[in-house]
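Reading through the C-alpha cells given below for one structure.
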Amino acid sequence: MSSNTEVAERLQRIADLLDLKAEKFKPEAYRRAARSILGLGEDLTAFRSRGQLDEIPGVGEAIRKKIEEYLTTGRIEYLERLTAEVPPGVVELMGLPGLGPKTAARLFGELGVSSPAELGDAIGTGGLNGLAGFGPRKIALLKEAVEGARAVSPARRPLREAWTIAERIRRALAERTEVRELEIAGSLRRRRETIGDIDLLATSTDPPATIGVFAALPEVRKVVMKGPTKCTVVVEPGVQVDLRVVAPGSFGAALQYFTGSKDHNIKLRTRARDLGLKINEYGVDRGEVRVGGRDETEVYAALGLPWIPPEIREDRGELEAAAAGELPDLIEAGQIRGTLHHHLPPGAEEAELALLAREGARQGAAYVGAVLGPGEAAHPGDLAGALRRAWAQLAVVPRPRLLIGLELSIEGASPGDASRSDFDYLVLRAGASAPRVGLRPPQEGPPRFVGHLALDPGGTATPAERATPWIRWASENRVALEVTPDGPTDGLDSNGIRALVEVGGEIVVSPGPDRGALGLAVGLARRGWATSRHVLNARDPPPPAPERSRPT
DNA sequence: GCCGTTTTCGGCCCGACTGTTTTCAGTCG
C-alpha cells in the first residue's frame, strides 16, 4: 500500500486545523514535514523498516510517532481530536482566496458560518453587515470568492504547459524598451514537475509603465492586485501570474528570493543570521552595509557558498553539499550528445529521417536515434539497412551519425535480440504495472533502456513511489530509464530520478513527442541530481563494429 | 513542532498589498 500521499494529506489537515486555532509555528512544522514526505523517492514504510523516519527533513519525534501510528493503525488520534472540534466546512473556508484562518475562525465563532455555502447565505441576508472589520469592500470580495470557488479550481499545471504560457508573456514584456533584466522565477525556474503560479521578475527604467503593460496584456483575464512594484493577474487558461519590478542593484537578491523554494530560503536566511548578516529580496546586509544583491552568485558568495543551481533548491541537502564544496556537476543540455527515441511514421520513414538529420545537425548532435518496432515494419532488420543507405545519401552537413534502435515489449525481449547486429540499442516497452518477478532483460549486447515508463496513475501513490520497483529493477539489470518532460505525473519524476541516481542507475533524456522540450527534460534530470555520468545519451556509443560495413 | 559548525532553549523569512483603519491586521508568496 502506498502511504506517502495519505500521510502527507493528514499532516496538511492537521496544519489547517492548527491554523484555525491560531497556533503560531506548529502549522508550518506540519506542512514542512508533509512537503518533505511528498518529495521522497521511496515509500514511508521503507523508511520505517530501516528506522530512518527521523532522518526525513522536518520530521522530529512528535511527527515521527504520528506517522508510525498511521502506518500501524491507519489513524492519527491527534487529527481525529482536532477534527472533532471544527466542522469540516470551516477548513474549506480557508481555501477561499483572501480568506485566511483568522477570518474563518471569526466567521465560525461569531456567526456560526461553517462552510462556503453558508458564507454565501450570510452575505445574502446581510449577516455580515456591521461586523467589526468587515466593510463593504471586504464583503464584496468575500462574495466574489464564494462565487468564484465554484468556477475554477486552482489546479497545478504540467511544467511544459506553464512554461509555454510563461514564455509567451516573457517575450511580450521583453519587447519593451524600458525593460532591462527579465527572468522567469519561482517553481518554473526550478523546473518543478507541476506549477501552481508563474513568477516573473524584472528591472525597468520605468516600473509603473512595465506594470501597466503587464496588467493590460491581451491574455489577462483579471487583475487581482496592482501596486507600484508588484502586480498579480490571472491569464487566459486560468493561471495566476505575478510580476515584480525591482531596482537593478537588487535583481540577484530578488531572483534568489523569488526562485525559492521556501524551505531553501528559510535555511539560507537562518545561515545568514548565524553569520551576522541579514538577507531579503533587496540584498544581503551586514549592519547598514550592503554586501551582495546585484546577481545571485554575489548573494550566495556573501554567505560563503557557491552558486546553487535553481533545480536543486529544495532543502534536500543542497545547502550542506554547497557548504562542503560537494555540489554535483549537474547534467547540462549541451552535454546531451544525441537523442534516442524517435519513431518513424510507417510509409514516410525516409522523409522523417531527413527531418531528423537537419534538426540534429542544427542542434550539433553527434547522433540521432531512430527506433523501429516489430509492429512498425515486417522486417525491421531490412528496414534498418534501407534507412542507413538513405541516411548516407542525405546532403546534410555536418551529418550526425544515425543510430537505429529496436523497440521490444519488455516481456518479449530475449537474449537473442541483443545480438541482432542490425541495431545499436534496444528500447524496452514497459507495461503500467511493476516489473514481474524474474523478468530479466537481455544481459549482453548493446545499451538498453526502458522507454517512457507509463506508470498506472491510479491510487494515491506519488510517481516516485510507483516507480520504486522499476528503479530497483533497472539498477539491478543495468538498464536505463527514460526521462521525458511529459511523463512526470505517470512516469519517472525528479524524486524517482534522484533515487535511481543514488543507487548508481542511469537515465536517457528525451525531448518527448514533439521534440521541442529537451531542455525541460534536462531540467527534470537536474532536479534529480543527475550528472553526465548518469545519463546514457551524454556519452557516445561505441564506434560501429568493423565487420558491419555501415555507411554513416 | 523542529532544529542546532558558537544553541537541547529560543528562535522560526519578511515585505507588499489591501481594506478598514487614524496606526494596523490579515493574507499572500
Side-chain angles (χ1 to χ4, degrees), chain A residues 11 14-15 18-36 53-67 78 93-107 128 130-142 144-145 154 185-187 195-201 207 211 223-232 240-246 250 253-254 256-285 303-305 315 319-320 323-324:
Chain A
L11 296 179
I14 291 175
L18 290 173
D19 257 340
L20 281 172
K21 292 167 75 89
E23 288 278 359
K24 195 95 178 79
F25 296 105
K26 286 187 191 181
E28 225 5 75
Y30 278 97
R31 289 205 176 90
R32 171 158 154 64
R35 282 196 299 274
S36 235
L53 287 174
D54 294 77
E55 290 175 22
I56 299 168
V59 174
E61 189 186 349
I63 294 182
R64 189 204 76 218
K65 283 183 174 162
K66 291 181 179 73
I67 295 171
Y78 180 60
L93 280 177
M94 281 195 299
L96 298 177
L99 206 163
K102 295 280 166 50
T103 312
R106 277 196 66 197
L107 288 171
L128 268 62
L131 204 61
F134 289 79
R137 183 87 188 106
K138 180 150 185 169
I139 291 175
L141 279 175
L142 290 176
E144 208 175 294
S187 54
I195 303 296
D197 50 28
I198 294 170
D199 290 292
L200 291 166
L201 188 69
I211 295 274
V223 178
V224 178
M225 170 221 284
K226 191 173 148 198
T229 66
K230 180 180 170 183
C231 181
T232 298
Q240 181 172 310
V241 186
D242 293 342
L243 171 68
R244 290 170 177 86
V245 183
V246 301
S250 296
Q256 194 290 316
Y257 180 84
F258 291 116
T259 297
S261 69
K262 183 177 186 164
D263 291 332
H264 176 90
N265 283 359
I266 288 174
K267 190 166 267 190
L268 201 68
R269 265 143 241 279
T270 305
R271 181 184 174 89
R273 193 198 56 207
D274 293 347
L275 293 169
L277 299 165
K278 200 179 103 166
I279 172 171
N280 56 29
E281 64 255 56
Y282 300 110
V284 185
D285 298 333
L303 301 174
L305 297 170
D315 189 22
L319 284 159
E320 292 79 359

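Chain A is the first sequence line, chain B the second, and so forth, proteins listed ahead of strands; every chain is numbered from 1.
A distance of about 23 Å separates the P atoms of B:dT6 and B:dC2, rounded to the whole Å. Between B:dT20 and B:dT27, the two C1' atoms lie 14 Å apart (nearest whole Å). B:dA16 sits 25 Å from B:dG11 when the C1' atoms are compared, rounded to a whole Å. Remark: the separation of the C1' atoms in B:dT8 and B:dC3 is 10 Å, to the nearest Å. Rounded to whole Å, the C1' atom of B:dC17 lies 15 Å from the corresponding atom of B:dT21. The gap from the C1' atom of B:dG29 to that of B:dC13 amounts to 11 Å, rounded to the nearest Å.
The CD1-P distance, from A:I279 to B:dC14, rounds to 10 Å in whole Å. In this structure, the CE atom of A:M225 is 12 Å from the C1' atom of B:dG19, given to the nearest Å. Note: NZ (A:K26) to C1' (B:dC3) measures 16 Å, nearest angstrom. One atom, CG of A:D19, and another, P of B:dG1, lie 14 Å apart when rounded to the nearest Å. Residue A:I67 contributes atom CD1, which lies 13 Å from atom P of B:dG1 at whole-angstrom precision. To the nearest angstrom, P of B:dC13 lies 16 Å from CG of A:L277. A:R271 places its CZ atom 16 Å from the P atom of B:dT7, with the value rounded to the nearest Å. Atoms CZ (A:R64) and P (B:dC2) sit 10 Å apart, rounded to a whole Å.
In a base pair of the Watson-Crick type (N1 to N3 plus N6-O4 or O6-N4) or a G-U wobble (N1-O2 and O6-N3), with each distance short of 3.5 Å, B:dT8 is matched with no nucleotide.
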N/O-N/O pairs, protein side and nucleotides 22-29 of chain B side, under 3.5 Å:
from, atom 1, to, atom 2, distance (Å)
B:dG26, O3', A:T103, OG1, 3.3
B:dT27, OP1, A:G100, N, 2.6
B:dT27, OP1, A:G100, O, 3.0
B:dT27, OP1, A:T103, N, 3.1
B:dT27, OP1, A:T103, OG1, 2.6
B:dT27, OP2, A:K102, N, 3.2
B:dT27, O5', A:G100, N, 3.4
B:dC28, OP1, A:G98, N, 2.8
B:dG29, OP1, A:Q240, NE2, 3.4
B:dG29, N2, A:Y257, OH, 3.0

Can you check nucleotides 9-12 of chain B for protein contacts, nitrogen or oxygen pairs under 3.5 Å, and list what you find?
none

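In plain terms, the two heavy atoms of A:A15 and A:P27 that are nearest each other are CB-O, 3.5 Å. Between A:C231 and A:K226 the shortest heavy-atom distance is SG-CG, 3.9 Å. Across A:D197 and A:I195, no two heavy atoms sit closer than the pair O-CG2, 3.4 Å. The minimum heavy-atom distance between A:L53 and A:V59, with the atom names listed, is O-CG1, 3.5 Å.
In this structure the side chain of A:F134 reaches within 4.5 angstrom of the side chain of A:L107, judged on heavy atoms.
The side chain of A:Y282 sits closest to B:dG15 out of B:dC2, B:dG15, B:dT7. Residue A:K278 has its side chain nearest to B:dG15 when only B:dC17, B:dG15, B:dT20 are considered.
When atom types are taken as modelled, the side chain of A:N265 and the backbone of A:Y257 share a donor-acceptor pair closer than 3.5 angstrom. The closest donor-acceptor contact from the side chain of A:S261 to the backbone of A:H264 lies under 3.5 Å. Without hydrogens or angle criteria, A:N280 side chain to A:G283 main chain gives a donor-acceptor distance under 3.5 Å.
Here the straight-line distance linking atom CD1 of A:I67 with atom CG of A:L11 works out to 6.0 Å at 0.5 Å rounding.
Note on A:E23: nothing from the nucleic acid sits closer than 4.0 angstrom, heavy atoms only. A:L268 comes within 4.0 angstrom of nothing in the nucleic acid, heavy atoms only. Contacts of A:N280 with the nucleic acid, taken as non-hydrogen atoms under 4.0 Å apart, involve only primed sugar atoms and P, OP1 or OP2.
Both A:N265 and A:R137 lie close to DNA chain B; mapped to their nearest nucleotides by heavy-atom distance, the more 5′-ward contact belongs to A:N265.
In this structure, A:D315 does not pair ionically with A:R35, as no charged nitrogen and carboxylate oxygen lie closer than 4.0 Å. Taking the charged nitrogens against the carboxylate oxygens, A:R32 and A:E28 have no contact shorter than 4.0 Å, which rules out a salt bridge.
In this structure, B:dT7 shows a glycosidic angle within 90 degrees of zero, which is the syn conformation.
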